[in-house]
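Side chains are part of it too, since the values below use all heavy atoms of this structure and drop only hydrogens, waters and symmetry mates.
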Amino acid sequence: MKQFLWGFKTTFTNAYLRVILVIFAIATIGFSTIDKYGLAADEIIQINAIKWNYDRVTIGQPIPIDLKYYGIAFDATAEAVFQIQEYIHKGSFTPLVTFEYPKFNEIVLKRIKIKHLLTFVLALITYVSVAGIVGIFGGIGYAWVGPLVLALFPTFWGHSFFNPKDIPFAALFTLSTYLGSYLVAEYIQEDKRLKIGINRITFFTIAYGILMGLTTGIRIGGLALPLFVVIAFTVVGLSSKNIFKKFNNLAGFYALMIVAWIATTNLCYPNYWFNPIRLFNKVIGYQSQHGWSGHVLFDGKFIPGDEIPWYYIPQWIGITVPAIFQIFFLVGLGWILRNYPKFSVKQKVGSVLILLQIFFLPSVAIVKQSTIYDGIRHFIFVLPAMAALSALGLVWIYKKLHGRYIKTFAIASIVVALMPITLDMAALHPYEYVYFNRLSGGLINAHDRYDSDYWGLSTRAAIEWINKNGEHDAKIILAGHFDAARVLAKPSITFVTLQDFRKKKVKLDPPYYYVALLGRGKNLNNFFPECPLVYQAARQNVPLTVVKQCD
């Protein structure tokens with residue numbers, strides 16, 4: 001008996017150790033490369049949002065543009081960490097400012113560095129959550145496969161270092177799916193009457209409500225989470241005895257969860273502190289029909305963001321998720337559906353929640369014909385759930401094999417099959433998010449047909465080249481992300497946007513540079529044909545940003 005218990009303990013410990021080692025490896029690689037990534041297009045605006053929200057609360061100043069519809073959960077956390085760091089180093093806090101003057105470059109870069117660090121920390125939470133989800137279905141011994149598979153989703157990996165909205169949202173959404181499996185299962189399985197009080201289930205309920213509120217405080221899509229809890233409880237609970245009595249018994253807990261959710265959500269939207277009732281009505285209406293007026297490059301055509309075809313999201317997933325993981329995903333999905341009747345209550349709840357995470361909000365966006373752009377950026381939260389099912393599909397196939405040699409051959413074959421993904425990610429670094437799978441022809445075939453570097457990360461490489469090789473007082477005509485370029489450039493450099501140069505007839509005596517971001521199609525490269533190309537940030541023979549020198 002002692003030998004059995006020791007063997008069980010050793011196996012259990014080794015299983016957790018494998019998960020820890022995989023997460024440690026991911027963290028080590030990530031933290032060692034985090035400084036390589038550029039600035040995303042919206043990062044400056046979101047730093048400004050903290051000051052604008054502060055002014056809204058303290059002096060009633062209206063929040064400019066559309067940022068009043070966005071929560072500040074992540075941005076406020078990053079600002080708090082920055083201020084704590086400043087106080088430790090300088091003994092005082094740094095005043096809140098909006099980025100308007102070149103002298104604030106250094107301060108802005110410090111804030112951005114912290115935001116990138118926190119973004120990756122939250123990405124690590126996603127990896128842990130995926131390991132937990134895989135462990136629920138496949139056993140703790142195979143939980144390590146989940147984060148490994150997710151790390152080989154180039155779109156998710158690439159966004160994990162700079163995307164201050166979609167990665168935090170995906171992290172908390174996936175964590176909600178994982179923890180929700182345990183919470184709802186306890187609601188259904190508990191035999192005795194649950195009572196609200198100082199006990200574990202009450203604490204878990206409030207904590208889960210806060211988690212849902214923080215998720216909603218990053219993106220309003222988190223409002224679906226309370227609905228997911230009800231759906232999972234109802235679907236799984238229908239096969240349980242006395243389900244209606246349990247539902248009545250849990251009404252108080254659900255009310256407690258909703259109160260915690262609403263309170264936390266309101267806390268994350270300062271613009272609506274003075275009228276909380278308007279929050280959901282206004283924000284939901286705006287987010288579902290985003291007023292973005294740009295065009296997207298999709299299947300070789302420029303299409304307004306509010307006129308995209310219904311298959312925009314499925315097609316983007318089809319061309320950006322590695323093909324081998326799409327196969328494993330279908331296997332995992334089939335395994336979940338086939339074995340659902342045999343599952344434990346926790347596994348059944350997890351099945352419902354993970355399927356809702358993948359299919360619910362994308363389906364709503366398709367039905368409502370919502371404005372969508374930047375590929376699947378707004379739907380990155382489906383990728384961790386897809387990775388979990390892909391891992392389960394891979395695990396199921398492995399378990400079906402018999403014989404040591406057959407299993408060894410299968411592992412070797414999978415490693416060989418995954419090598420092209422890792423090679424592509426290495427070749428694209430630090431722009432992994434522009435990955436297109438080889439089934440679609442890769443980046444070389446897709447860059448003329450689909451948006452690629454829409455965040456403008458490659459702007460950093462171009463500006464750094466001019467900083468090093470250009471004149472001290474260089475002049476730049478910029479067709480790209482203006483704020484990111486200004487933050488990175490030397491203060492002595494002068495910028496003019498291409499639009500102002502052409503439409504407002506801005507005078508600019510040569511010599512000057514033309515910097516063009518080609519992430520939304522290569523047409524911007526056609527301007528200034530008389531000026532020679534002196535630098536390009538390119539990956540896999542595809543230019544992402546070009547620099548021309550006009551003498």
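- You'll find the side chain of Phe31 reaches within 4.5 Å of the side chain of Val121, heavy atoms only.
- Taken from CZ in Phe436 to CG in Leu428, the straight-line distance is 10.0 Å, to the nearest 0.5 Å.
- Judged purely by distance below 3.5 Å, without hydrogens or angles, the side chains of Asn339 and Gln347 never pair a donor atom with an acceptor atom.
- The aromatic rings of Tyr178 and Tyr182 sit perpendicular, their planes meeting at an angle over 60°, well past the 30° parallel limit.
- For the pair Val22/Arg18, no side-chain contact is recorded, criterion being any heavy-atom separation below 4.5 Å from C-beta on.
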### Query
Under the ring-ring contact (aromatic ring centres under 6.0 Å, His included) criterion, do Tyr450 and Trp316 qualify, and how do the steps go?
CA-CA 9 Å; Tyr450 300 94; Trp316 262 98; 5.6 Å; yes

### Task
Give the intermediate values and the outcome of ring-ring contact (aromatic ring centres under 6.0 Å, His included) for residues Phe329 and Trp396.
CA-CA 11 Å; Phe329 166 75; Trp396 180 81; over 10 Å; no

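- For the pair Pro430 and Arg539, the minimum side-chain heavy-atom distance is below 4.5 Å.
- Side-chain contact between Val81 and Lys115: absent, with no pair of heavy atoms (C-beta onward) separated by less than 4.5 Å.
- Counted by atom type alone, Thr174 and Ser129 present zero donor-acceptor pairs between their side chains at under 3.5 Å.
- Ring geometry, Phe173 versus Phe169: the interplanar angle exceeds 60°, so the pair is classed perpendicular (tilted spans 30 to 60°).
- With rounding to the nearest 0.5 Å, the separation of CD in Glu79 from CG in Asn53 is 11.5 Å.
- Residues Tyr454 and Tyr373 place their aromatic rings such that the two centres sit no closer than 6.0 Å.
- For Lys51, the salt bridge (charged side-chain N to carboxylate O under 4.0 Å, His left out) partners two or more places apart in sequence, or in a different chain, are Asp55.
- Taking the six-membered ring where the residue is Trp, the centroids of Phe162 and Phe120 are separated by 6.0 Å or more.
- With a 4.5 Å cut-off on side-chain heavy atoms, Val128 and Pro147 do not count as touching.
- Annotation: the span from Ile262 atom CD1 to Thr216 atom OG1 amounts to 10.0 Å, rounded to 0.5 Å.
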### Message
Is there a salt bridge (charged side-chain N to carboxylate O under 4.0 Å, His left out) between Glu464 and Arg460? Walk through the geometry before answering.
### Response
CA-CA 6 Å; Glu464 288 180 343; Arg460 170 181 174 175; 2.9 Å; yes

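- For the pair Leu214/Ile218, no side-chain contact is recorded, criterion being any heavy-atom separation below 4.5 Å from C-beta on.
- For Lys165 and Phe74, the positive end is not near the middle of the six-membered ring at less than 6.0 Å and at most 45° from its axis.
- Applying the ring-ring contact (aromatic ring centres under 6.0 Å, His included) test between His429 and each of Tyr37, Tyr435, Trp157 identifies Tyr37 as the sole match.
- Between Trp465 and Tyr535, the ring planes are parallel. Angles under 30° get that label, and only those over 60° would be called perpendicular.
- Atom CG of Leu353 sits about 9.0 Å away from atom CD1 of Ile231, to the nearest 0.5 Å.
- Residue Ile167 holds its CD1 atom at 12.0 Å from CZ of Phe381, rounded to the nearest 0.5 Å.
- Partners of Asp166 under the salt bridge (charged side-chain N to carboxylate O under 4.0 Å, His left out) rule, at least two apart in sequence or in another chain, are Arg219, Arg377.
- The CG atom of Leu394 lies 4.5 Å from the CD1 atom of Ile414; values are rounded to the nearest 0.5 Å.
- By the ring-ring contact (aromatic ring centres under 6.0 Å, His included) test, Phe360 pairs with Phe228, sequence neighbours left out.
- Contact annotation: the side chain of Val236 never approaches that of Val184 to less than 4.5 Å [non-hydrogen atoms, C-beta and beyond].
- Thr119 is not listed as a side-chain neighbour of Ser160, based on a closest heavy-atom distance of 4.5 Å or more.
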### Query
Are Phe153 and His159 close enough, and set up right, to give a ring-ring contact (aromatic ring centres under 6.0 Å, His included), and what steps lead you there?
CA-CA 10 Å; Phe153 275 45; His159 279 269; over 10 Å; no

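- Heavy atoms of other residues, nucleotides or ligands lying less than 6.0 angstrom from NZ of Lys399 number more than 12.
- Put simply, the residue from Tyr127, Phe379, Phe325, Tyr433 that forms a ring-ring contact (aromatic ring centres under 6.0 Å, His included) with Phe156 is Tyr127.
- Phe82 does not carry Lys110 over the face of its six-membered ring by the limits of under 6.0 Å from the centre and within 45° of the normal.
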